[in-house]
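Here the structure comes first, spelled out in structure tokens, and everything after it is commentary.
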Amino acid sequence: MSGDQPHNDSQINVDFRANDSHKHKDKEHRHKEHKKDKEKDREKTKHSNSEHKDSIEKKHKEKEKERHKDGSLERPKDGSSEKHKITSLERSKDDSLERNKNSLEKHKNKHKEKDKEKRREEKVRSSSGDVKVKKEKENGFSSPPRIKDEPNDDSLYTPPKENSKPLKRFRNDDICDIKPKKIKIEDIKKAKKRKQEHEEDIKPKKVKSKNKDSHAATRKKIKKEEEQKWKWWEEERYADGIKWKFLEHKGPIFAPQYESLPDKVKFYYDGKVVKLSSKAEEVATFFAKMLDHEYTTKEIFRKNFFKDWKKEMTSEERTAITNLNKCNFNELSQYFKEQSEARKQMTKEEKQKIKEENEKLLQEYGYCVMDNHKERIANFRIEPPGLFRGRGNHPKMGRLKRRIRPEDIIINCSKDSKVPPPPSGHKWKEIRHDNKVTWLVSWTENIQGSIKYIMLNPSSRIKGEKDWQKYETARRLKKCVDKIRNNYREDWKSKEMKVRQRAVALYFIDKLALRAGNEKEEGETADTVGCCSLRVEHIKLHPEIDSQEYVVEFDFLGKDSIRYYNKVPVEKRVFKNLQLFMENKQTDDDLFDRLNTGILNKHLQDLMEGLTAKVFRTYNASITLQQQLKELTNGDDNVAAKILSYNRANRAVAILCNHQRAPPKTFEKSMITLQTKIDAKKDQLADAKRDLKSAKADAKVRRDEKSKRMVESKKKTVQRVEEQLMKLEVQATDREENKQIALGTSKLNYLDPRISVAWCKKFGIPIEKIYNKTQREKFAWAIDMADEDYEF
DNA sequence: ATGTTGACTTAGGAAGAAGTTG
DNA sequence: CAACTTCTTCCTAAGTCAACAT
């Protein structure tokens, strides 16, 4: 499909540019240092085989060049690196701090009103100008019928199994020709029938559940099933909305009660010992435990902490303790360090005992029964109290996260199940029987007032089905993405501002895999943005730069305050539109002032059933992996080299999605030790080769069996050592390239696992090399169902 | 439309376990 | 076997998106 990824080359280039400035600087810097280190090493060891080193470096360079040619991994060497010298993560913090200081206040008051003003203004502007025809055009443009008619025959991409067993219809996804409302009714009817049949098959426990014998019977049954690994993906799914029929669990585990400090551990205020009340002391320990962290030095953190701490103090304490700077937590901090040290020093037996106890708790609380199957729960422990630490420059950092009591907890389970008893002397806040949701336990958290849930493990049916469904939606997008791309390109010319903005935003989401960008409440969270919430200050337009035309420079903080930096050449039309959008705006005005995620997603829904902004991320990630694997894998390579190719493909995706990590603290050091190993291995190889030579010479002279055998064994040694060396070198390359890129997130959330499974099967790579145990559990469905010619 | 809330996915870092090495 | 590194699991914050309320 030519249109699969018209953007891919640029995407990947672009991505490397995403690291551009700061990261690149950093990378280049690191490269130099690395070389220096190598040189040092050489001098030290004197066994240097500089030839070898050079050749490896050359090899790497060549490889990188190749990749560059492919439009893959190499970053362009443009000179945009000067400005940013700090690594992304550090930088992002500083940046946001600065900005927040300056603009937070402004924003708070301004933004909402300004938005309204703006809207008013622009209405005037547009009605007088060229954007008159709004209503008609809007109707004209959304033109859903055309798109909806797009043949939706999943058959092409749907493995036979799926065909015979209908996919679950979360949003009536795969019946596309019928109007949604009708479907609902029909689906429910069908579902009822299906379920009746289904239940007859598996003997629902519903009726019998009060009977203990039958409970025991089901348990046995569950155990049996456990042994042979339930393949939920071969079974029918529930229709619309219903998530389960039976749900029983043991409730959550609460955080351990606070234990007072021993008397010898003292807290000082203004140089004098102060004995704190239990409540105040507990909160003090939270602070003391974090003392080593940088954020206890931050003004906002300290202010928030102190305010909340005072609330926990007795009135005497409150009058006595008025200045956090006069508080001395050192003894507390010291005490906790000793404690953790002591924990490390425990004997094997003690550790074993703790492990066993944990295992017992896991067995008791870590599983639930959902529809005749025992399933693992993800987070069965209630979050303990502590100090809130948001990410980035969070206005609420340092606030007290309060202890959750049974009275805060809502239990969700089925009516016919054994409701978990609350801890003695307590009651649950509520017991609910809602099978339209997947959670077992919920409570409201006190920092943001949001609801927290206990849900099932990713290996569970309920999560797995949804995950599978996600990739199926992305595959449906694959089939109509060309149309959608043409559609938004047309919309760049629209007379209506709203449509143009929508089209440009969608272009970014598609090309750059940006997140949708919901509005957020000012002052409640860190100042981060996604596509729809970009502000004028987040982009710069360069009509020409580095011999490229129409370049947009992005620089903003995204989710988790991870910095997104990228210079992207765009089409002229996009560029001109951006200029238009930015006209007469302040830096802190919204770039897309007529757009939000709701509008965008509604439009997408019209283009394809189930399509939302985030599907583009999934789609582009998966299609990139597939294409990169195709390009990078060399069938003649050995396993290690193939895996390097896989990791590189994975890396291309991680870069596309801007999945970063802080470089491991020990990165430089571990690189050096690895290099030393490589050097040692090279020496060993040289020795082995010499041995082989002399053995050969020897054999020539002697011509006896023994010396022949000797030659053979020496040959083998050389081969073995060569392989080992190769493996080390591959490892070094891989690690180097991975310094601040996190592969895990995309692997876990964006890449259709069937692509990887198919790749493994095709090239004879054991799946364990790609997925660890947890990942194999999560992707069991894919491992079971994908064969080597699976295509995304 | 706009705002609010609830449910669920996505995310990076910390802690803990396992593996490696001197 | 202790110290260190690396891999895995845990933790929970921070997004997305749809349904509902205004």
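What you see below is based on every heavy atom in this structure, not just the backbone, and it leaves out hydrogens, waters and symmetry mates. Throughout, protein chains are lettered first and strands after them, A, B, ... in sequence-line order, and every chain is numbered starting at 1.
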So if I take every side-chain heavy atom of [X] and compare against [options], which nucleotide ends up nearest?
X: K452(A); options: dG13(B), dA13(C), dT10(B); answer: dA13(C)
X: R432(A); options: dT6(C), dA7(B), dC10(C); answer: dA7(B)
X: R381(A); options: dC11(C), dG15(C), dA7(B); answer: dC11(C)
X: H659(A); options: dG13(B), dC8(B), dA11(B); answer: dA11(B)
X: R515(A); options: dG15(C), dA14(C), dC8(B); answer: dG15(C)
X: K463(A); options: dT9(B), dA11(B), dT6(C); answer: dT9(B)
X: T528(A); options: dG15(C), dT12(C), dT6(C); answer: dG15(C)

With a 4.0 Å limit, can you tell me whether [X] has a side-chain N or O closer than that to the phosphate oxygens OP1/OP2 of [N]?
X: K401(A); N: dA13(C); result: yes
X: T745(A); N: dG12(B); result: yes
X: N518(A); N: dG15(C); result: no
X: K470(A); N: dT10(B); result: yes
X: N379(A); N: dC11(C); result: no
X: K669(A); N: dT5(C); result: yes
X: T612(A); N: dC17(C); result: yes
X: H394(A); N: dA13(C); result: no
X: K355(A); N: dA17(B); result: no
X: N601(A); N: dC17(C); result: yes
X: T525(A); N: dA13(C); result: no

Under 6.0 Å between ring centres: does that hold for [X] and [Y]?
X: F287(A); Y: F305(A); value: yes
X: H538(A); Y: Y564(A); value: no
X: H394(A); Y: F388(A); value: yes
X: Y565(A); Y: F556(A); value: no

Are any of the side-chain nitrogens in E430(A) or R432(A) under 4.0 Å away from the carboxylate oxygens of its partner? yes
Take the C1' atoms of the five end pairs on each side of the helix from dA1(B)-dT22(C) to dG22(B)-dC1(C), derive the two axes, and give their angle rounded to 10 degrees. 0°
Which sits closer to the 5' end of DNA chain B, K778(A) or H293(A), going by the nucleotide each is nearest to? K778(A)
Would you mind telling me which residue lines up with the more 5' stretch of DNA chain B, Y453(A) or K602(A), judged by nearest nucleotide? K602(A)
Once you round it to whole Å, what is the distance between [atom2] of [N] and [atom1] of [X]?
X: E519(A); N: dT2(B); atom1: CD; atom2: P; result: 9 Å
X: Y771(A); N: dT8(C); atom1: OH; atom2: C1'; result: 17 Å
X: I509(A); N: dG15(C); atom1: CD1; atom2: P; result: 15 Å
X: D467(A); N: dT9(B); atom1: CG; atom2: P; result: 8 Å
X: Q339(A); N: dA15(B); atom1: CD; atom2: P; result: 16 Å
X: I354(A); N: dA15(B); atom1: CD1; atom2: P; result: 17 Å
X: L440(A); N: dC8(B); atom1: CG; atom2: P; result: 11 Å
X: K520(A); N: dA14(C); atom1: NZ; atom2: P; result: 7 Å

Across the strands shown, which category fits [X] at heavy-atom distances under 4.0 angstrom: base, sugar-phosphate, nothing?
X: A516(A); answer: sugar-phosphate
X: R343(A); answer: nothing
X: P384(A); answer: sugar-phosphate
X: K344(A); answer: nothing
X: K614(A); answer: sugar-phosphate
X: T438(A); answer: sugar-phosphate
X: R391(A); answer: base
X: Y750(A); answer: sugar-phosphate

Please say which of R391(A), R515(A), R661(A) ends up in a salt bridge (charged side-chain N to carboxylate O under 4.0 Å, His left out) with D560(A). R391(A)
Testing the basics here: between I599(A) and K498(A), what is the closest heavy-atom pair and its distance to 0.1 Å? CG2-CE, 3.8 Å
Heavy atoms of Q448(A) and K396(A) approach each other most closely as OE1-NZ, 4.0 Å
Please say whether more than 12 non-hydrogen atoms of neighbouring residues, nucleotides or ligands are located less than 6.0 Å from NZ in K351(A). yes
Does G530(A) or A378(A) map to a spot on DNA chain C nearer the 5' end, using the closest nucleotide for each? A378(A)
Residue whose closest nucleotide on DNA chain C lies nearer the 5' end, A613(A) versus Q731(A): Q731(A)
Check: M397(A) main-chain N/O paired with N304(A) side-chain donor or acceptor under 3.5 Å: yes
What about K466(A): does its side chain form a donor-acceptor pair under 3.5 Å with the base of dT9(B)? no
For the residue pair F779(A) and Y771(A), categorise the inter-ring angle as parallel (less than 30°), tilted (30 to 60°) or perpendicular (more than 60°). tilted
